[in-house]
Enquirer: 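What follows is a single structure, and I will ask about it in a moment.
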Amino acid sequence: MFPTAIAGSLPKPAWLAETQKLWPKWKCEGADLAQAKLDATLLWIKAQEDAGLDVIGDGEMSRQHFVHGFLPQVVAPLRLKGRVHAVEAQFLRAHTTRKIKFTLRGPMTIVDTVADRFYGDKVGLAFAFAALLNQEALALQADGVDIIQFDEPAFNVYTTDAADWGVKALERAAQGLHEAGQAAGRRCTTAVHICYGYGIAANIDWKQTLGPEWRQYAQVLPALAASSIDQVSLECIHSHVPAELMALLAGKDVMVGVIDVASDLIETAEEVADTIGRALQFVPRDRLIACTNCGLAPMSRAVAEAKLAALAQGAALARQRFG
Ligand SMILES: [Zn+2]
C-alpha cells in the first residue's frame, strides 16, 4: 500500500554540472562526461534505495534539462536516428532490483518547445512525435523498464487542446506497451505527469495569475480517465488544486504529490501522511502512490535527499494510520 516514487528529476552532483540551475552547464566532456553521468545515476539509485523508495528512477542525470532527448528544429519528416535513452535505461535496470520508472516528454509538451518549419500543423506534428516516442518507449519496455512516464506539463496550459487531442497523442505514444509487456511476461505500466512546474521564479509568477483555485486539471482528467494510460501524477501538497478533482480519475492509479518542490522546507512524516489522508477521500487506498509534486532538479542535493527520506517515512506512517 502507498508505494513511493519520485516525479522524475533529481539534482546533479557538483562534479557533474552546475548546481541549483535548471539548465546547468556540464563540468566535463566527451568520455569523461559519459562516465560522470552514469556515476551520478548510480549515486541516486543508491540514495533512492537507502531512502526506502519503491520505484527507482535515473534522476535524469544524463539530460541537461527534462526536455532533452527530443528537442529539434523540424525541417523534414521526423524519424529517429537510433535509440535515445538506451544507455541510462539499461544502466538503471542493471543496478537495482526494484521497479524502475523512466520518463519521456509527452508529445504535446514537445510540440510546445520545438521550432516547426515543416508540418505547419500542431496536431500533425504532435502525432509525428508520438510515433517516435512510441518507438523509444517500446524499446525502453524491452530494456526492462516497468513504468514509462510521459511528462505533459503543457496539459495544464493548453487545457482545451489537451482534452481535444493531447490525450489521444499521448495514447499514440504509449500504444502497444501493455501488450509488449505481457508478451515479455510482465506488466508494463504507462503514466503521465501533469504539474505546475519546478519551483523557479517564472513558474511561481505564473501560478500567482491562476487564482485561488487551480481547476486546470478538471478539463483534462476526464479525458485521461477514459484513456488507456494507467497512472496519473498530480500536484497536491501546498498547491491550489482542489483535492476533489482527483475523483475525476476513477479507475486510474493516482501519483499524489506529497512533497513540495518549490520550498526547501523538509516535510515532516506527519505532513506527508496528512496529505495522503486528504487524498484518500477521493482516491482508493490501493490506487494511491505517494510521489513528489514535480522534479527535484533545481534543488540542493542535501534538500533533495532529505525530501526523499520524508517521502518514504511519510508513506510508512500513512500505512500505519490508514492500513
Ligand atoms: Zn513536473
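We're numbering straight along the sequence, starting at 1. Each ligand, and each atom within it, is numbered from 1 in the order the structure gives.
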Enquirer: Could you go through E171 and S228, starting from their C-alpha distance and side-chain angles, then the distance that decides it, and tell me whether this counts as side chain to side chain donor-acceptor pair (under 3.5 Å)?
Expert: CA-CA 7 Å; E171 286 187 282; S228 57; 3.1 Å; yes
Enquirer: Near the Zn ion (ligand 1), which protein N/O/S atoms are found at less than 2.8 Å?
Expert: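 Metal shell, protein only: H193 NE2, C195 SG, C294 SG.
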Enquirer: Looking only at side-chain N and O atoms, does T189 offer a donor or acceptor that is under 3.5 Å from a partner on Q231?
Expert: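 No donor-acceptor contact under 3.5 Å links the two side chains.
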Enquirer: Begin with the C-alpha distance, continue with both residues' side-chain angles, and end with the deciding distance and a verdict on side chain to side chain donor-acceptor pair (under 3.5 Å) for T96 and E49.
Expert: CA-CA 8 Å; T96 183; E49 288 189 350; 2.4 Å; yes
Enquirer: Would you name the heavy atoms of I45 and G57 that are closest together and state the gap between them?
Expert: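 Looks like CG1-O, 4.4 Å.
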Enquirer: So, are R321 and D274 salt-bridged, with charged N and O less than 4.0 Å apart?
Expert: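 Salt bridge between R321 and D274, a charged N being under 4.0 Å from a carboxylate O: yes.
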Enquirer: Please say which of T159, D164, N156 ends up in a side chain to side chain donor-acceptor pair (under 3.5 Å) with Q219.
Expert: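 So, applying the side chain to side chain donor-acceptor pair (under 3.5 Å) to Q219 and each of T159, D164, N156, only T159 qualifies.
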